[in-house]
2 protein chains.
Amino acid sequence: MEASSTWQDEGEELVEAGLRADAERNRQRILVAAEEAFLERGADVPLEEVAKRAKVGIGTLYRRFPTREALLAATSNERFLSVAEMSRARDADGDPADAMRQFLEDLAMNTSVYQSLAASLGTVIQHGTPGCNAITAEGQRLLQRAQEAGIVRGDVSFDDIICVVSGIAIAVEKDSAPASRVAHLVDLLLTGMRVR
Amino acid sequence: MEASSTWQDEGEELVEAGLRADAERNRQRILVAAEEAFLERGADVPLEEVAKRAKVGIGTLYRRFPTREALLAATSNERFLSVAEMSRARDADGDPADAMRQFLEDLAMNTSVYQSLAASLGTVIQHGTPGCNAITAEGQRLLQRAQEAGIVRGDVSFDDIICVVSGIAIAVEKDSAPASRVAHLVDLLLTGMRVR
DNA sequence: ACCTGAACACCGTTCAAGT
DNA sequence: ACCTGAACACCGTTCAAGT
């Protein structure tokens, strides 16, 4: 998945290596337009509308983002990066269990920013963007540390967690009080993971 | 949701009341065709193909099943009924915790029979068919008994359960070893619900 | 009351022509 | 190398005409 593309961090922006200047400019405009369109109309918004908002031809959009998931992964990139970073910062001086809880709540909340993004979290998370990689790395790190500390059962995998977080995010998309429901469901999951 | 339609149980078959004989015949053929098509091609199969297999006009399909979810609820009806019935039978002489575990595993497995049915479990379950009602009733009964016995936390709702079961079913749809994974994830959920 | 399928609308995806 | 948008394919949904 996107194995051939490489990424460069330039300050806040994510830039794909080796693109001609005009192509990179178009790419950024597509990302901005997609973010807007996803927020207003959900992850199912017609890609034609994204192209129209970005003022590029539909072919250009397909050239950069061959699938809807690739586009979703790209627009989620910054959000995912910040979730991972906040988690790393928190974990330095806090309780591992609290760090895990907060990480999962953040992930679930950030997976329900667009209507119907949650259903494809499992696919999106494997897209190899820096944000996706950061989430995976941080999640696995927290999981391993918690397991070593005996706080989490040994038979729980990161995959299991992603699956249940998807379920939580799906439920929350249709919910009126997202935040408290997320907290409740994450609590359920955490208790489930804890060794008896 | 289908509030105006009434249902009659006639042996194994579910028959909608007040339909002309030819209409009821068509309805049954749509159900058979839909079941086949969903199994072979997933819950996303074009409705035109279902109509073609049933040898009815597409308009007839829309007349009986105004939405895809209504059709999914109808084809899932027998499966859901049998899940609820098996659960009731089991519960009579067994351990309440085991009854709950088996019920959740059955529900998750039967929610992943068609590719991409799981994503709409939350919507489908509210469709008022006998099967959906039976699942809801049985689930709530098991939950209440388990809570009264102090086996399950008091702050868990049936909604919470449906949500996590959806997540499990979604994960399992894409999985190669469904049965064992379902068991593992249900175990996680159950431990989560248990009072500490 | 019910059935049919043509007609319309909408969206995804490709690709020939152009810079 | 990159962009464009017409063209094609496909699917959902409605509705006038028919039994």
Side-chain angles (χ1 to χ4, degrees), chain A residues 2 4-6 15-34 36-38 40-75 114-117 119-120 123-124, chain B residues 4-6 15-34 37-38 40-75 114-117 119-120 123-124:
Chain A
E2 307 231 0
S4 59
S5 60
T6 52
V15 172
E16 195 167 337
L19 280 192
R20 225 166 62 180
D22 56 343
E24 176 58 29
R25 207 161 39 236
N26 280 336
R27 192 174 166 282
Q28 292 298 336
R29 289 168 57 168
I30 292 170
L31 283 177
V32 172
E36 271 180 33
F38 287 152
E40 282 177 36
R41 311 209 18 200
D44 295 331
V45 71
L47 294 179
E48 303 243 27
E49 189 182 317
V50 174
K52 211 158 268 169
R53 289 194 193 214
K55 293 182 179 156
V56 300
I58 181 67
T60 305
L61 190 151
Y62 272 93
R63 168 171 267 261
R64 291 302 153 226
F65 306 99
T67 65
R68 187 181 291 273
E69 263 90 23
L71 186 53
L72 283 168
T75 56
Y114 315 137
Q115 206 69 23
S116 65
L117 163 63
S120 37
T123 324
V124 167
Chain B
S4 60
S5 60
T6 52
V15 172
E16 196 167 338
L19 279 192
R20 225 166 62 178
D22 57 341
E24 176 58 28
R25 208 159 40 236
N26 280 335
R27 192 174 165 281
Q28 292 297 336
R29 290 171 55 171
I30 292 171
L31 283 177
V32 172
F38 287 152
E40 283 177 36
R41 312 209 15 202
D44 294 332
V45 71
L47 294 179
E48 302 243 25
E49 189 182 317
V50 173
K52 213 160 264 169
R53 290 195 192 214
K55 293 182 180 157
V56 301
I58 181 67
T60 305
L61 190 152
Y62 272 94
R63 168 171 266 262
R64 292 301 154 225
F65 306 100
T67 65
R68 186 180 293 271
E69 263 90 24
L71 186 53
L72 283 168
T75 57
Y114 317 137
Q115 206 67 23
S116 67
L117 163 62
S120 37
T123 324
V124 167

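In the text below, chain A, chain B and the rest are named by the order of the sequence lines, each starting its count at 1. Note that the coordinates shown come from a computational prediction; the quantities given were computed from them, not determined experimentally.
The shortest non-hydrogen separation linking B:Leu61 to B:Leu47 is CD1-O, 3.7 Å. Closest of all the heavy-atom pairs between B:Ala74 and B:Phe65 is CB-CE2, 3.7 Å. Closest approach of A:Arg53 to A:Ala33, counting heavy atoms only: CB-CB, 3.7 Å. Taking each heavy atom of A:Thr75 and A:Ala34 in turn, the nearest pair found is CG2-CB, 3.8 Å. Closest approach of B:Ala23 and B:Arg64 over heavy atoms only: CB-NH2, 3.6 Å. Nearest heavy atom pair, residue B:Ala43 against residue B:Ser116, reads CB-O, 3.7 Å.
With salt bridges taken as basic N to acidic carboxylate O contacts below 4.0 Å, none links A:Lys52 and A:Glu48.
In this model, the phosphate group of C:dC3 is approached by a side-chain N or O of B:Asn26 to a distance below 4.0 Å at OP1 or OP2.
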Got a list of protein N/O to nucleotides 9-11 of chain D N/O distances below 3.5 Å?
none

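Per the geometry, CZ belonging to B:Arg29 stands 12 Å off C1' belonging to C:dC3, to the nearest Å. When the P atom of C:dT4 is taken as reference, atom NZ of B:Lys55 falls 12 Å away, rounded to whole Å. Between the CG atom of A:Leu71 and the P atom of C:dT13 there is a distance of 12 Å, rounded to whole Å. Between A:Phe65 atom CZ and C:dG12 atom C1' there is a gap of 17 Å when expressed in whole angstrom units. When the P atom of C:dA1 is taken as reference, atom CZ of B:Arg27 falls 18 Å away, rounded to whole Å. Rounded to an integer number of Å, the gap from CD of B:Glu49 to C1' of D:dT13 is 18 Å.
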Give the B/S/- string for nucleotides 14-19 of chain C, one per nucleotide from 5' to 3', where a protein heavy atom under 4.0 Å of the base yields B, of only the sugar-phosphate yields S, and otherwise -.
B-----
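Looking only at distances, no side-chain donor or acceptor of B:Ser120 sits under 3.5 Å from a matching main-chain atom of B:Thr123. Of the possible polar contacts, one joining the B:Arg68 side chain to the B:Val45 backbone as a donor-acceptor pair under 3.5 Å is found.
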In dot-bracket form, how is DNA chain C paired, counting a Watson-Crick or G-U wobble pair only if both its distances are under 3.5 Å and using | for bases paired to another strand?
||.|||||...|||||.||
Let me see the working for A:Thr60 and A:Asn26 under side-chain hydrogen bond (donor to acceptor under 3.5 Å, both in side chains), right down to the final yes or no.
CA-CA 8 Å; A:Thr60 305; A:Asn26 280 336; 5.4 Å; no
